[in-house]
Amino acid sequence: MDIKTELTKLSAGGIAATVLKHPGDSCRPVILLMCFMAADTLLGWLGAIKKGEWKSCNARWGAVGKLTELIIISLMYLCEWTFGTGWLIYTVTLYFIICEGASIVENIVKYHLNDNIPEGLADILSRLKTNFVGFIIKKLKSIFEGDDKNG
């Protein structure tokens, strides 16, 4: 089998696992994330069409990025099931929601889809993404290295 077929099967399996798992309360943030993904895609396409910059290769890479996010979420469900780490799903999903929200605002500002966006909001969301990543990295280091860094 070729690599494209295998990647397609892996992607379809990841999406199916995410949608069909029925994880209870932890599915709500994932559904919110998927709504943000749809809004970001729609606004990106509308803005690019408005400026005459729409290209299928950009759309494909955007879809790959969103698919990657869903695969990572699927892996977090696997980690929850294996290691009992429910907080990991929420943390990763929250990060992706922040990223998608920032991308939505960036699309609105970049393509002038609405001029009522408060000035500097895109910068604040960008900094929030960066600070959130730093927090997650510190949290993961403390888990894997232990609280005692001297020994």
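Excluded from the calculations below are hydrogen atoms, water molecules and symmetry mates; all remaining heavy atoms, backbone and side chain alike, are included.
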Within-4.5 Å side-chain heavy-atom neighbours: Met34 and Leu70: yes

Contacts of Ile104 that satisfy side chain to side chain contact (heavy atoms under 4.5 Å, CB included) - sequence neighbours left out: Phe36, Ala39, Asp40, Leu43, Ile108

Nearest-0.5 Å distance that lies between atom CD1 in Ile89 and atom CE in Met76: 8.5 Å

Same apolar cluster (I L V M F W Y, side chains within < 4.5 Å links), Leu75/Val64: no

Sidechain-backbone polar pair: Thr41 side chain, Met37 backbone, donor-acceptor under 3.5 Å: yes

Heavy-atom closest pair, residues Ile97 and Pro29: CD1-O, 3.5 Å

Pairs where residues 99-115 contributes a residue and the test salt bridge (charged side-chain N to carboxylate O under 4.0 Å, His left out) is met, not counting sequence neighbours: Lys66-Glu100

Between CG on residue Asn107 and CG on residue Asn114, distance to nearest 0.5 Å: 13.0 Å

Same apolar cluster: Trp45 and Leu67, side chain cutoff 4.5 Å: no

From CG (Leu33) to SG (Cys99), nearest 0.5 Å: 9.5 Å

All side chain to side chain contact (heavy atoms under 4.5 Å, CB included) counterparts of Val109, not counting sequence neighbours: Val105, Ile117

OG on Ser103 to CD1 on Ile98, rounded to 0.5 Å: 13.5 Å

Residue Trp61 excluded, over 12 heavy atoms near CH2 under 6.0 Å: no

Flag side-chain contact, heavy atom, 4.5 Å: Ile72 against Phe96: yes

Could you pull out all donor-acceptor pairs under 3.5 Å where a side-chain atom in residues 47-54 meets a protein atom, sequence neighbours excluded?
residue : atom : partner : partner atom : Å
Lys50   : NZ   : Tyr111  : O            : 3.3
Lys50   : NZ   : His112  : O            : 3.1

Rounded distance (nearest 0.5 Å) linking atom OH of Tyr95 with atom CD1 of Ile73: 11.5 Å

Contact summary for Thr93 and Val30, nearest pair of heavy atoms: CG2-N, 3.9 Å

